[in-house]
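Worksheet for the structure shown next.
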Amino acid sequence: MGLDAIETTIQAAGLTFPALRAGTNGPLVVCLHGFPDNYEGYRSIATTLAAQGYQVVCPLLPGYSPANQRQGGTHNALYVRDVLTELVEVLLKETGQVRCHLVGHDWGCVVACLMAEHRPNLYFSLCAMGVPYGMSWAKMIVRCPSYLLHAWYILFFQFRGLADWLIRRRRFAFLAWLMKHWSPNYPGMQTMQQSVIQTFEKPGVLKAALDFYRTSMFSITPQGFEIRALLNKTIHVPTLALRGQHDVCLPESVWEVTSPRAFPNGLTLEVLAGAGHFIQYEQPDAIAQRLLRWFKQAGLAA
């Protein structure tokens, strides 16, 4: 395995994870994608980090491949957290390390925060991209009620059957539109849309991806309340939070819910000028360079 990111598979938690990997030695970096997405957004970033002496692994989230879908259960955030924690432990053992850097975007950010809160001893640092920490419906209504207009799609996803059918129509035209809506100025959007739609055309992927919304922090089930409570606890891992200046999905006002008090070992929040929601696609070089400085700042450079 060289510096270029290659496609491979990893066995963990009784599942087979398709993944991008780059680098053969140095500190481990694990990158998690969100919705609607796959690991391709990290390809350029992984190559840059590998060239600077890091090992980078970017798995598909549980459910985003027929090979890593749960049998007999839903892909709720706690299940995904635990499965990906097992994946991290496998990678740490394989590379002979005890900790890694954790990076997440969108749902990958939500899960990464849960992982860092749950097992902080596994991580040197956390980079949380695209989603603020500390979200709850009460905070949204009081501090930034306008977010409810941006969150219409979450309500739409709750209509089982109907939402699934509408999303699949015309070869997932809804997902293509949603990606464009969230990052309207990204010139490579067509290539991204094609790649993501190919992922969602595979059996079971759409259902698993919608499970994230239907069974986790947006649901009114007891588990939904538990997950929301966990997402308002303390994270003892040094954290860098990045967002796009023109993110239509989660605008600036939503980030007011994130409190530095939840990060006793430090929180750094930065804005990428001109970027929309999918910042790892839009500004991969800037993010890679910022991660390299972030690792060095924390005294954990390769």
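Side chains are part of it too, since the values below use all heavy atoms of this structure and drop only hydrogens, waters and symmetry mates.
- Linking ILVMFWY side-chain heavy atoms closer than 4.5 Å, directly or via other members, places V80 and I154 in a single hydrophobic cluster.
- For the pair R21/L91, a side-chain contact is recorded, criterion being any heavy-atom separation below 4.5 Å from C-beta on.
- Listed for the E282 side chain is no donor-acceptor partner under 3.5 Å among the backbone atoms of A275.
- In terms of modelled atom types and a separation under 3.5 Å, the side chain of E270 and the main chain of L242 share no donor-acceptor contact.
- Cation-pi geometry between R168 and W165 is not met: the NZ or CZ atom fails to fall both under 6.0 Å from the ring centre and inside 45° of the normal.
- The minimum heavy-atom distance linking P27 with G53 is given by the pair CD-O, 3.5 Å.
- Closest non-hydrogen pair, K202 versus Q198, comes out as CG-O, 3.7 Å.
- The CG atom of L166 sits 11.0 Å away from atom CZ of F159, with the distance rounded to the nearest 0.5 Å.
- Here the side chain of Q69 pairs no donor or acceptor atom with the backbone of H75 at under 3.5 angstrom.
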Determine, step by step, whether H181 and H277 satisfy the ring-ring contact (aromatic ring centres under 6.0 Å, His included) criterion, reporting the C-alpha distance in whole Å, the side-chain angles of both residues, the deciding distance to 0.1 Å, and the verdict.
CA-CA 9 Å; H181 179 60; H277 183 63; over 10 Å; no
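- Side chain of S183 to backbone of M179: no donor-acceptor contact under 3.5 angstrom is found.
- In plain terms, the two heavy atoms of Y133 and A262 that are nearest each other are CE2-CB, 4.1 Å.
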Handout entry: Worked check of side chain to side chain contact (heavy atoms under 4.5 Å, CB included) between Y123 and V88
Key = CA-CA 10 Å; Y123 310 106; V88 167; 4.1 Å; yes
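- With hydrogens and angles ignored, the 3.5 Å screen pairs no side-chain donor or acceptor of E117 with any backbone N or O of K233.
- Hydrophobic clustering, with ILVMFWY side chains joined whenever heavy atoms are under 4.5 angstrom apart, groups V254 together with L155.
- Note that CG of D82 is 5.0 Å distant from NE2 of H118, once rounded to the nearest 0.5 Å.
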- Query: Stepwise, does the side chain to side chain contact (heavy atoms under 4.5 Å, CB included) test hold for T199 with E40?
  - Reply: CA-CA 11 Å; T199 296; E40 286 296 334; over 6 Å; no
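- A perpendicular orientation is assigned to the rings of W107 and F212, their planes being inclined by more than 60° (bins at 30° and 60°).
- In this structure the side chain of Q11 reaches within 4.5 angstrom of the side chain of T16, judged on heavy atoms.
- The shortest side-chain heavy-atom distance between M192 and K180 does not fall under the 4.5 Å cut-off.
- A pairwise comparison of heavy atoms in A5 and A46 identifies CB-CB, 4.4 Å as the closest pair.
- Contact of the L206 side chain with the I167 side chain is registered, since non-hydrogen atoms from C-beta on lie closer than 4.5 Å.
- Clustering ILVMFWY residues whenever any of their side-chain heavy atoms sit less than 4.5 angstrom apart, transitively, puts V271 in a cluster other than the one holding W182.
- Relative ring orientation between F200 and F35 is described as perpendicular, the plane-to-plane angle rising above 60° on a 0-90° scale split at 30° and 60°.
- The minimum heavy-atom distance between P62 and V83, with the atom names listed, is CG-CG1, 4.0 Å.
- Side-chain atoms of F278 and P36, non-hydrogen and from C-beta on, do get closer than 4.5 Å to each other.
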#### Entry: Steps toward side chain to side chain contact (heavy atoms under 4.5 Å, CB included) verdict (F295, F124)
CA-CA 9 Å; F295 299 156; F124 285 126; over 6 Å; no
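- The backbone N or O of H236 lies less than 3.5 Å from a partner atom in the side chain of N265, making a donor-acceptor pair.
- Remark: the T48 side chain and the D285 side chain contain no N/O donor-acceptor pair separated by less than 3.5 Å.
- In this structure, L32 CG and L60 CG are separated by 11.0 Å, a value rounded to the nearest 0.5 Å.
- By the neighbour-count criterion of 12 heavy atoms within 6.0 Å, atom CD of Q245 is densely surrounded, having more than that number from other residues, nucleotides or ligands.
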### Message
Between D211 and K207, is the salt bridge (charged side-chain N to carboxylate O under 4.0 Å, His left out) condition met? List the steps.
### Response
CA-CA 6 Å; D211 276 351; K207 178 184 181 301; 3.7 Å; yes
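- The closest side-chain heavy-atom distance from R171 to I197 is below 4.5 Å.
- The distance from the SG atom of C109 to the CG atom of L250 is 9.5 Å, given to the nearest 0.5 Å.
- Within a 6.0 Å sphere centred on CZ of F156, other residues, nucleotides and ligands contribute more than 12 heavy atoms.
- The main-chain N or O of G244 is never found under 3.5 Å from a side-chain atom of D247 such that the two would form a donor-acceptor pair.
- In this structure the side chain of Q193 never reaches within 4.5 angstrom of the side chain of F172, judged on heavy atoms.
- For H33 (side chain) and L61 (main-chain N/O), a donor-acceptor pair under 3.5 Å exists by modelled atom type.
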- request: Could you walk me through whether L272 and I287 pass the side chain to side chain contact (heavy atoms under 4.5 Å, CB included) test, one step at a time?
  value: CA-CA 9 Å; L272 277 74; I287 290 177; 3.7 Å; yes
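- With hydrophobic clusters built from ILVMFWY side chains whose heavy atoms lie under 4.5 angstrom apart, V98 does not share a cluster with L28.
- A donor-acceptor contact shorter than 3.5 Å is absent between the side chain of Y64 and the backbone of V205.
- A donor-acceptor pair under 3.5 Å is formed between the side chain of N68 and the backbone N or O of G63.
- Interatomic distance, OG1 of T215 versus CG of L210, reported as 10.5 Å (0.5 Å rounding).
- Aromatic ring pairs are classed by plane angle as parallel below 30°, tilted from 30° to 60° and perpendicular above 60°; the pair W177 and F174 is tilted.
- Side chains of H101 and Y54 form a contact here, defined as non-hydrogen atoms less than 4.5 Å apart.
- The two residues W294 and L240 have their closest heavy-atom pair at CZ2-N, 3.5 Å.
- Remark: I45 CD1 to R290 CZ distance equals 13.5 Å, nearest 0.5 Å.
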